[in-house]
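What follows is a single structure, written as structure tokens, with notes after it.
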There are 2 protein chains.
Amino acid sequence: MEPTTKRPLRADAERSVRAILEAAERVLAADPGASMEQIATAAGLARTTVHRRFANRQAVLDALAVSAARQLLDAVDDGRPDTAPPLVAIHRITANVLQVKYSWTYALGLPPEPGSEAARLHAEVQARCMAVFQRAQRDGLLSPDADLDWARRVYYALVGESLHGNDANADPDTIAARLVDTFLHGFAAAR
Amino acid sequence: MEPTTKRPLRADAERSVRAILEAAERVLAADPGASMEQIATAAGLARTTVHRRFANRQAVLDALAVSAARQLLDAVDDGRPDTAPPLVAIHRITANVLQVKYSWTYALGLPPEPGSEAARLHAEVQARCMAVFQRAQRDGLLSPDADLDWARRVYYALVGESLHGNDANADPDTIAARLVDTFLHGFAAAR
DNA sequence: AAAAAACGCAACAGTGAAGTTCCATTTAAT
DNA sequence: ATTAAATGGAACTTCACTGTTGCGTTTTTT
């Protein structure tokens, strides 16, 4: 029952925490109802060790959500959303996000508890996204009529869909290019 | 243990079956791990009655998936996908599908068991969808370069996204119009 | 009105997972 | 090398859910 970081963990304990979170992602992605035992085994640990690091199942899920959300925010910031030209930023962010989302599909699909750290991080990501879109609209890349909130939701949906069917190693830049092209122009014949 | 329809069910029994499926959709949409007890209560029935109509939990899920998939296929066929002009068909199908999907979000999100009736129905829906898109491409509505499989996936994703945040009574035709517009033209400024 | 079917309710057994405790052993920190 | 922390493993309790059975009562069918 010590979820709060009282003193720094020992090196092996920190490895265990990471192993648990990575195992949880793998196992829960395959079966959201998987047991703590399955997670522990996948992490190469005993079940009691998992319970020593996380008070209960929910604590694992919370930590998993926060960990993944942090990496997502980093992926976005690495695309320079505030300084790069909008089209470049959107491309880079998309490619970065696709990689993170592929590795943390389950964790990033978890509904963030309102008020939680994970929710705060997701809101941060969303703010970056909206800022880029607003700049893109001012630069004439996006239509002046575009509903940016709807645009953001569509963009999220395209990212989610782009994760399917790609056997891991498919070039993220290629997928991102197709995604952005669809986002901008849709499927209608050129006018 | 009588999942197979031996003799026609009595009137009240058939009402029970429908009540169970509708309750299962509501309850499981809110919590996918909900118990049979919760489903029974939501259906206004005793738990044993649920077990009398469905051998086990999986049988409920299967029946739920099939029921929803049937309605989905009906919604698609009501849009005349083979005869109406492609743009009209796409609009109508979209509006119809949105309504069905809104009422059966959970059931239609279930991964269809390979080889099951539900899987067959979903494949049928997909075939209708591809047929419309091919006609649309021949008619010059969709770009000759468009990857129709990717287009279909994007279309599905847009449908899924359009279900969120709409407080039920939002006009399906309005939402469908926005969806189709985005699908065709994206968000870029007009060239 | 009589027969058949469906229902509610209570009770029961079986299962599996969550969470805890204790202790011997291993591993990291100083 | 000593100390403190972390781990594995077994055992145990608790608990919720599943699936089943039996029986008296209600509802539908004919």
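Source: prediction; values computed, not measured.
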Let me know the distance between [atom1] of [X] and [atom2] of [N], rounded to the nearest Å.
X	N	atom1	atom2	answer
B:Leu9	D:dT29	CG	P	11 Å
A:Glu14	C:dT27	CD	P	19 Å
B:Arg57	D:dA16	CZ	C1'	12 Å
B:Arg53	C:dA6	CZ	C1'	6 Å
A:Asn56	D:dC15	CG	P	16 Å
B:Ile20	C:dA6	CD1	P	12 Å

Open item on the list: Closer than 4.0 angstrom, basic N to acidic O: yes or no for B:Arg10 and B:Glu14?
Closed with: no

Task: N-O pairing of B:Asp78 and B:Arg92 below 4.0 Å - done: no

Open item on the list: Can you confirm if the NZ or CZ of B:Arg152 lies within 45° of the ring axis of B:Tyr156 and under 6.0 Å from the centre of its six-membered ring?
Closed with: yes

Open item on the list: On the six-membered ring of A:Phe54, is A:Arg57 placed so that its NZ or CZ lies under 6.0 angstrom from the centre and within 45° of the ring axis?
Closed with: no

- [ ] Looking only at side-chain atoms of A:Arg10, point me to the closest of D:dT7, C:dA28, C:dC7.
- [x] C:dA28

Open item on the list: Can you work out whether A:Asp12 or B:Asp12 has the more 5'-proximal nearest nucleotide on DNA chain D?
Closed with: A:Asp12

- [ ] Kindly say whether, by distance alone, the side chain of B:Arg52 makes a donor-acceptor pair under 3.5 Å with the base of C:dG8?
- [x] yes

Open item on the list: Check this one for me: any side-chain N or O of A:Arg15 less than 4.0 Å away from OP1 or OP2 of D:dA6?
Closed with: no

Open item on the list: At a heavy-atom distance below 4.0 Å, what parts of residues 30-49 of chain B sit against DNA chain D?
Closed with: B:Ser35, B:Met36, B:Arg47, B:Thr48

Task: Aromatic contact, B:Phe187 with A:Tyr155 (centres under 6.0 Å) - done: no

- [ ] Would you confirm whether A:Arg128, through its side chain, and A:Pro81, through its main-chain N or O, come within 3.5 Å as a donor-acceptor pair?
- [x] no

